[in-house]
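Working notes for the structure below.
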Protein chains: 2
Amino acid sequence: METAHNEYKQGFIDFVNSLNNLRTEVATVLAQQLETVSFKKGEAILEQGSVCRYVYFINNGLVKTGFESKDRTFIMRFFAEGAMFTVLDSYLSRQASAYQIQALENTVVTRISRTALDDLRARFHSMETFFSKLLATASVNMMWRIGEILEEQASVRYANFIKENPDLVQRISLGDLAAYLGITQVSLSRIRAGR
Amino acid sequence: METAHNEYKQGFIDFVNSLNNLRTEVATVLAQQLETVSFKKGEAILEQGSVCRYVYFINNGLVKTGFESKDRTFIMRFFAEGAMFTVLDSYLSRQASAYQIQALENTVVTRISRTALDDLRARFHSMETFFSKLLATASVNMMWRIGEILEEQASVRYANFIKENPDLVQRISLGDLAAYLGITQVSLSRIRAGR
DNA sequence: GTAGTTTTTTATCATTTGATAAATTTTCGA
DNA sequence: TCGAAAATTTATCAAATGATAAAAAACTAC
């Protein structure tokens, strides 16, 4: 439906503007490059081993990015409505990704292809600035996460996660939260029991 | 000494060019904003609690970035000659940093102030692109590190570090390497003993 | 609503890492 | 070169987490 489609595009544009305000002209060109796609709960948005060719904005729903290793799964991050994400290494290198993206709920995303965004970044200084700021945000988050993992035990990280994401906790399974914390689901259950 | 000073500036410029080639004009303006500073082994380049006002390029020497917590120390990263670094959260937010930077060897850095770099990023698209690429590199490194910490035990991460940084290992103390791995120095000694 | 599947909990035992202390080795300045 | 300080190793015991299995609870599909 066209109306809904444009609304979704507007979410993406608003997000970009919130990081770095675009001239109307640039926003218009950007809007032309966006497309909106839906995924059902459980569906893979990006499979491990394929190349991530998009930057995504979540209109609604919830996704996890992570990877499978040996027989365990690890989660890099959850992204909910209003967030922008990609699998950065694959996106930048154009190589197959070790990471996957999966919808944890029915999810609607608006995305832009790397080709299109590269072009916009090259043509418009403001789009490059937006991209810098996007990476800056991601970097600061990751820095923080590394520090926390090094410093704190799983029980503390669990408590921190709950405190900082009270909303998300309701929507994430125990197993996925454990995979985010880097411990087994059984260990997290034990931590919750307080032993 | 002026000659040496210009050589040092050139290292910074070469690094920028390697990420995103600058027009001569831009490189010249950039060069005017650089200054070279030396630190003795053990000296703090940035103290925990102050604001990181620079992006640094290491001409020679070795530094660690990290933080003290309770009674333990943790290291985010080592940077040796040829690397560019800053304390990103503090640099971007202009807030006091939870992280410190310390010289592990006598170190010569060439730096640019945030004020000057912000100005160059605003004036020259190519400088913004350089900054994006710098952040992209940092992001991919951090992504990789998070995945590794989640997935692998300290003994494996130790083996990986040695394999990927055979040069650095010679120059880093066991304690600092343990702080990077997120374990105690005693634990690392035990891992090395192979028990 | 019920059966089957998935998720979560509980329990037990093994492994990894931390805390502490002491011995040993290395480094460094006088 | 000596002696003190710092770094590293070794040892012992405690705490945190993993592996496995089984029970309980929650969720789903029909």
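What you see is a predicted model; the values in this text were computed from it and never measured. A note on names: the letters A, B, ... follow the listed sequences, proteins ahead of strands, and every chain is numbered from 1.
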**Study point:** Parallel, tilted or perpendicular: rings of B:Phe85 and B:Phe79 (30°, 60°)
**Key:**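 Ring orientation of B:Phe79 relative to B:Phe85: parallel.
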Distance in angstrom units between [X] [atom1] and [N] [atom2], rounded:
X: A:Arg157; N: D:dA16; atom1: CZ; atom2: P; value: 13 Å
X: A:Gln153; N: D:dG18; atom1: CD; atom2: P; value: 11 Å
X: B:Leu177; N: D:dT9; atom1: CG; atom2: P; value: 11 Å
X: B:Arg72; N: C:dT20; atom1: CZ; atom2: P; value: 11 Å
X: B:Ile149; N: C:dT16; atom1: CD1; atom2: P; value: 19 Å
X: A:Glu152; N: D:dA15; atom1: CD; atom2: C1'; value: 16 Å
X: B:Glu105; N: C:dT27; atom1: CD; atom2: C1'; value: 16 Å
X: A:Tyr158; N: C:dT8; atom1: OH; atom2: C1'; value: 12 Å

Review point. Between B:Ile183 and B:Phe67, is there a shared hydrophobic cluster once you connect ILVMFWY residues whose side-chain heavy atoms come closer than 4.5 Å?
Key: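 As far as the 4.5 Å side-chain criterion goes, B:Phe67 and B:Ile183 are not connected within one cluster.
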Check your understanding: Of all of residues 178-194 of chain B, which get a heavy atom below 4.0 angstrom from DNA chain D, listed by number?
Key ->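 B:Gln185, B:Val186, B:Ser189, B:Arg190, B:Arg192, B:Ala193 - these, ordered by number, are the residues of the stretch whose heavy atoms sit under 4.0 Å from the strand.
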Point to revise | Carboxylate-amine/guanidinium contact A:Asp119 A:Arg123, below 4.0 Å | key: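 A:Arg123 and A:Asp119: salt-bridged.
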Practice item. Would you check if there is a donor-acceptor pair between the side chains of B:Glu152 and B:Asn160 at a distance under 3.5 Å? Key: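 No, no side-chain donor-acceptor pair sits under 3.5 Å.
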Point to revise | Angle by which the axis turns from one end of the helix from C:dG1-D:dC30 to C:dA30-D:dT1 to the other, five pairs per end, to 10 degrees | key: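 That helix has its two terminal axes inclined by roughly 60°.
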Exercise for review: Would you check if the side chain of B:Ser18 reaches a backbone N or O of B:Phe15 as a donor-acceptor pair within less than 3.5 Å?
Suggested key: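 Confirmed, B:Ser18 side chain pairs with B:Phe15 backbone.
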Review point. Would a distance-only check, ignoring hydrogens and angles, find a side-chain to backbone donor-acceptor pair under 3.5 Å from A:Thr129 to A:His125?
Key: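 Yes, because the side chain of A:Thr129 sits within donor-acceptor range (under 3.5 Å) of the backbone of A:His125.
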All N/O contacts under 3.5 Å from nucleotides 4-6 of chain C to the protein, with atom names and distances to one decimal?
none

**Study point:** Side chain proximity check, B:Leu34 to B:Ile13, heavy atoms < 4.5 angstrom
**Key:**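 Counting from C-beta outward, B:Leu34 and B:Ile13 do come under 4.5 Å.
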Practice item. Give a yes/no verdict on a cation-pi contact between B:Arg157 and B:Tyr180, requiring under 6.0 Å between NZ or CZ and the six-membered ring centre and an angle within 45° of the axis. Key: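 Cation-pi check for B:Arg157 and B:Tyr180: fails.
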Practice item. Check whether NZ of the Lys or CZ of the Arg B:Arg23 lies under 6.0 Å from the centre of the six-membered ring of B:Phe124 and within 45 degrees of that ring's axis. Key: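 Pair B:Arg23/B:Phe124 does not count as cation-pi.
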Review point. Any idea which heavy atoms bring B:Leu150 and A:Ile75 closest together, and the distance?
Key: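 Between these two residues, the closest heavy atoms are CD1-O, 3.7 Å.
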Exercise for review: Check B:Lys40, B:Arg171, B:Lys64 against B:Glu105 for a salt bridge (Lys or Arg N to Asp or Glu O under 4.0 Å) and give me the one that passes.
Suggested key: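 Going through B:Lys40, B:Arg171, B:Lys64 one by one, the salt bridge (Lys or Arg N to Asp or Glu O under 4.0 Å) with B:Glu105 is satisfied by B:Arg171 alone.
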Review point. Does B:Lys41 have a side-chain nitrogen or oxygen under 4.0 Å from the phosphate oxygens OP1 or OP2 of C:dT27?
Key: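 Checking C:dT27 against B:Lys41, no side-chain N or O comes under 4.0 Å of OP1 or OP2.
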Practice item. On DNA chain C, check which nucleotide each of B:Asp71 and B:Ser155 is closest to and give me the residue with the more 5' one. Key: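 Its nucleotide being nearer the 5' end, the pick is B:Ser155.
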